[in-house]
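Each remark here refers to the structure printed beneath this line.
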Amino acid sequence: MLDPKWLRSEPETIATLLKKKKFELDVELLKDLENARKRLQHDTEALQNERNTRSKEIGKAKAAGRDVSEILTAVEGMKRQLEHKKEELFEIQEKLKTYSLGVPNVPATEVPDGMDESDNLQISTWGRPRDFIWEVKDHVALGESLRQGLDFASAVKLTGSRFVVMRGQIARLHRALAQFMLDTHTDEHGYTEVNVPYIVNQDSLYGTGQLPKFEEDQFQIQDKDRAYYLIPTAEVPVTNLVRNEIIEPEYLPLRFASHTPCFRSEAGSYGKDTRGMIRQHQFEKVELVQIVEPTTSADALEELTQHAEKILQKLDLPYRKVLLCGGDLGFSAVKTYDLEVWLPSQHAYREISSCSLFNDFQARRMQARWRNPASGKPELVHTINGSGLAVGRTLVAVLENHQDERGNIRVPDCLRPYMNGLEEIG
RNA sequence: GGAGGGAUGGCAGAGCGGUUGAAUGCACUGGUCUUGAAAACCAGCGAGGGUGAAAGCCCUCCGAGAGUUCGAAUCUCUCUCCCUCCGCCA
């Protein structure tokens, strides 16, 4: 959520800024609602003040043993009037809130203009795609050719499309990847490992911005009296750890790394990436989350992105870093770097990590604050998160990039300790 | 699943339906005292919102949500969470 004070004082400025994100801010509606709100709130509070004063008078008069019937009749009429005003005010406030919750965060100034991913700005590349002198196999061919490997058919039987069963050394490689990522971030990058619920309530999803706008992307648990959801990313439970908290400055920055499954309905992506495990309803991810003081957040995004890059480098996977353009930027984000890994079978870079800065947008929704020593007051923190990395897609990248002519897979050095020293899968 | 008990400020813990946003203690901050510290004493010390240049003023909040009332931390209802005992279970 944007700062309501800012939204009400400079709606035109914000409207201009949001054009970069292809969002049309309804300035007129906002102004009308705001005017009504101001008037109603003033009236309501004045009325409440008067009622409070009168009620206290009654108390005093009774204590003094005086007759109160006269004041009583005077105050009685106010009750109905107050109720009416309150209702009106509540209605307007709900409208304002509903609208505000649907307004995206404003992009950073350095975010490039553009409509979609084709307008994203390449920042850097790392590594060089191998020159394959034979016809490369994609991860599906590689995984299915193994006696114990990727098994999509079984997953369809068990559940449906967009799921996978992994067996044998592939399952182990997948586990190794997650372990390796988690160990690197905790041992080398200073993150604290957290293990969190994979099911969250609505408040948590409102806090990080998935609700109310992206309800259809979530898996909701069927339960007659509980509105629970499967997490679409660890960002939700991990970031919400600080919801409704006031954090003392000595605890900042908070750095969390969490390995969880992620569940996404993928509504609206029919026919997209239907082959293989690029786009699944369930996948695993190691997520990095930082809760920081506002002045340090821009640097923290750079650092966090480098932490994610480190994983790709250790795995010897060629990738590039892009800065998302306004049109491709997510609802809550101010700025996002995507890391895209090279997939030889597609002869293209594909997203494997997304690292975003939210400034106080999520913090405001969550009421996540820190005590600023300069003011002594609670102020909103800034939040940052990024994949470090998506485990399923990393598996795909390892299989495809480290294959040999016979369809065997070289195990990257950094994973061997997790694989009992195994050098090759095949 | 069954039977009880509870939820108040950073923590502990009072609170008759009427100047209670809330006693008291601890913690914390500032001051006095002291060579310095401790102790003692004095003072301050919750959050959200509105308005205002600011000081200030006003509204709301005692787990959440409804209700009764001129007036609710205090009364009623619903829900959530926590604790104890029994049962079941990884």
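Here is how names work: the chains are called A, B, and so on, in the same order as the sequence lines, proteins then strands, and each is numbered from 1.
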[X] has a side chain; which of [options] sits nearest to it?
X       : options             : value
A:Lys79 : B:C70, B:U60, B:G48 : B:C70
A:Gln41 : B:G49, B:A47, B:C70 : B:G49
A:Arg8  : B:U51, B:A47, B:C59 : B:U51
A:Glu45 : B:A47, B:C59, B:C70 : B:C59

Rounded distance in Å - CZ (A:Arg37) to P (B:G50): 6 Å
Value in whole Å for how far the P atom of B:G67 lies from CD of A:Glu83: 8 Å
C1' gap between B:G6 and B:C59, integer Å: 31 Å
P gap between B:C26 and B:C81, integer Å: 36 Å
Test log, rule side-chain contact (heavy atoms from CB on, under 4.5 Å), inputs A:Glu293 and A:Thr296: CA-CA 6 Å; A:Glu293 295 176 20; A:Thr296 64; 4.1 Å; yes
First of A:Arg371 and A:Asn49 reached from the 5' end of RNA chain B, by closest nucleotide: A:Arg371
Residue mapping more 5' on RNA chain B - nearest nucleotide basis, A:Ile58 or A:Glu50: A:Glu50
Presence of donor-acceptor pair under 3.5 Å, side chain of A:Lys62 and base of B:G18: yes
Qualifying ring pair (Phe, Tyr, Trp, His ring centres under 6.0 Å) pairs, either residue in residues 283-315 of chain A, two or more places apart: A:His189-A:His307, A:Tyr191-A:His307
Stem list, RNA chain B (Watson-Crick or G-U pairing under 3.5 Å, at least 3 consecutive pairs): B:1-7 with B:80-86, B:10-12 with B:24-26, B:28-32 with B:40-44, B:46-51 with B:56-61, B:63-67 with B:75-79
